[in-house]
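Only one structure is covered here, and it is reproduced in the block below.
This structure is a prediction, so every number in the text was calculated from the model and none was measured. Whatever order the structure lists them in is the order used to number ligands and atoms, beginning at 1.
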Amino acid sequence: MLRLYTHASCLQHDPGPAQPESPARLRAVLQALDHDRFAAIDRVEAPRATREQLLRVHTPEHVERILAIAPDEGTVRLDEDTLMSPGSAQAALRAAGAVVAAVDAVLGADGGQAFCAVRPPGHHATPDRAMGFCLFNNVAVGAAHAIAEHGLKRVAIADFDVHHGNGTQDIFAREPRVLFISSHQMPLYPETGRADERGVGNIVNAPLSPGDGSYEFRELWESTLIPKLHAFKPQLLLISAGFDAHRNDPLADLRLGSEDYAWITQRLVDVARAHAQGRLVSTLEGGYNLLALSTSAAAHVGELLEA
Ligand SMILES: [Zn+2]
C-alpha cells in the first residue's frame, strides 16, 4: 500500500519570485501524480508536527524562533537562501508532520510505503539553524519519532539529493541507531559531506564530481552504498528524495535522468523488503527544473507503487 501525504498549506510557503524553491515545484509534483497510473495511491492530509516531535531534533530556541516568524505580508529573510512568508510556519509544521504521520502509518499493522509531497524541504536544517530553503528537518523529525515512539533500534536514511544533507548529518552524528547515507555533488553547497565525515561510524558520505552521470551514480550506490544499507539491516528506511541531480536542474552539475530515479528507488525498495518488511517513507527535498522534477518524482513514486 502506498500513501501520499501532502497539505494545501505547503503551497502557502512563498519565499518570493527570486527563489528557486517555489510553490510551483509542489504543484508540478502533485499534477504529475494526478494521473490514472497513480489512482491506487491512498491520499492523506498531513497533520501538523507537534512541538514535542520537533524538539527531538531541534533546540527550543530554533523551534520557537521559526514558529514566531509570521510576517503579515512579504517575506522575512533568515539567510541568503532561506525566507519565510505569512504561510511558512504552517507549511513547515505540515511538512514535518507529514513524515511523522507517514512513519506511524508504515509502522502500523498495514505496513507499506509512503511519499510525502511537501515543502519547505528539510535536510539542510540543523538542530539550531534554518538554511538552504529548509526550516525544520522533516526526515530527521520522522527518524527520531520512529526511535522515540516506536522503539526502533535501526533507522536508515538514504539521501540522493544533489546537495549534502548537512542538517541530517549534524542531528544524528552521535546517534548510532540512525545510519545516514548520502550521495551528493562536491564541491557544491553546503560544502560539507566529505567521505571522512563519519559520525560514530553511522554517517556515509559519497561525493560525486561535477559532470558525473548515470554510470557514476549507479556504480557508487551499487558497489558501496546499497551494501552499507544491507549490512545495517534497517527496521525502517527513510529517503530524502531530492531530484536536483537531474541533468536539467539549474542548481547543480550532475547528469541524471528520470530513469536513474526509478533505478535508485527500486534498489532502495529492495533494501526495505529485505530487512524492514518493505516499510519505507520517502520525503521530497530538492529539484528545481519543474519538468525534470515532476517526471523524476513520478518515476520515483511509480516504483514505490510497484513495491
Ligand atoms: Zn538539493
Side-chain angles (χ1 to χ4, degrees), residues 10 13 15 18-26 28-29 78-83 91-92 95-96 99 115-126 129-140 157-171 180-194 197 203-213 216-217 220-221 225 238-258 260-261 264-265 268 282-297 299-300:
C10 293
H13 164 55
Q19 291 297 315
E21 203 294 289
S22 67
R25 299 179 55 245
L26 180 55
V29 170
L78 305 185
D79 75 5
E80 190 179 341
D81 307 305
T82 314
L83 294 87
V99 184
F115 179 65
C116 301
V118 294
R119 56 182 288 281
H123 73 155
H124 295 307
T126 73
R129 187 174 164 208
M131 60 181 277
F133 315 143
C134 302
L135 300 177
F136 297 135
N137 195 315
N138 308 319
V139 79
I157 302 172
D159 185 331
F160 56 69
D161 189 281
V162 79
H163 302 95
H164 178 237
N166 62 296
T168 313
Q169 172 172 305
D170 276 6
I171 287 166
F180 176 63
I181 292 214
S182 175
S183 67
H184 46 270
Q185 179 184 321
M186 282 195 87
L188 188 66
Y189 182 91
E191 311 301 344
T192 53
R194 295 188 321 267
E197 297 168 23
I203 305 288
V204 181
N205 283 312
L208 290 158
S209 300
D212 281 354
E216 292 84 2
F217 177 81
L220 182 62
W221 279 91
L225 304 185
L238 304 180
I239 303 176
S240 270
F243 300 100
D244 40 10
H246 191 284
R247 64 176 73 87
N248 292 335
D249 194 276
L251 297 196
D253 315 293
L254 297 190
R255 305 175 56 82
L256 301 190
S258 59
D260 295 305
Y261 291 109
I264 185 62
T265 307
L268 294 172
S282 173
T283 188
L284 181 64
E285 299 283 1
Y288 303 97
N289 174 298
L290 295 185
L291 183 58
L293 169 63
S294 58
T295 55
S296 300
H300 175 62

Q | Set of salt bridge (Lys or Arg N to Asp or Glu O under 4.0 Å) partners for Glu216, sequence neighbours left out | A | none

Quick one: side chains of residues 249-257, donor-acceptor pairs under 3.5 Å with protein atoms, not counting sequence neighbours, listed by atom name and distance.
unit_1: Asp249; atom_1: OD1; unit_2: Leu251; atom_2: N; d: 2.9
unit_1: Asp249; atom_1: OD2; unit_2: Tyr288; atom_2: N; d: 2.7
unit_1: Asp253; atom_1: OD2; unit_2: Gln185; atom_2: NE2; d: 2.8

Q. Mind checking whether Phe160 and Phe217 have parallel, tilted or perpendicular rings, split at 30° and 60°?
A. perpendicular

Q.
As a test of reading the structure, name the N/O/S atom of Asp244 that is nearest the Zn ion (ligand 1).
A. OD2

Q) Do His164 and Tyr189 make the cut of ring centroids closer than 6.0 angstrom? A) no

Q) Hey, which N, O or S atom on Asp161 ends up closest to the Zn ion (ligand 1)? A) OD1

Q: Could you tell me which N, O or S atom of His163 is nearest to the Zn ion (ligand 1)?
A: ND1

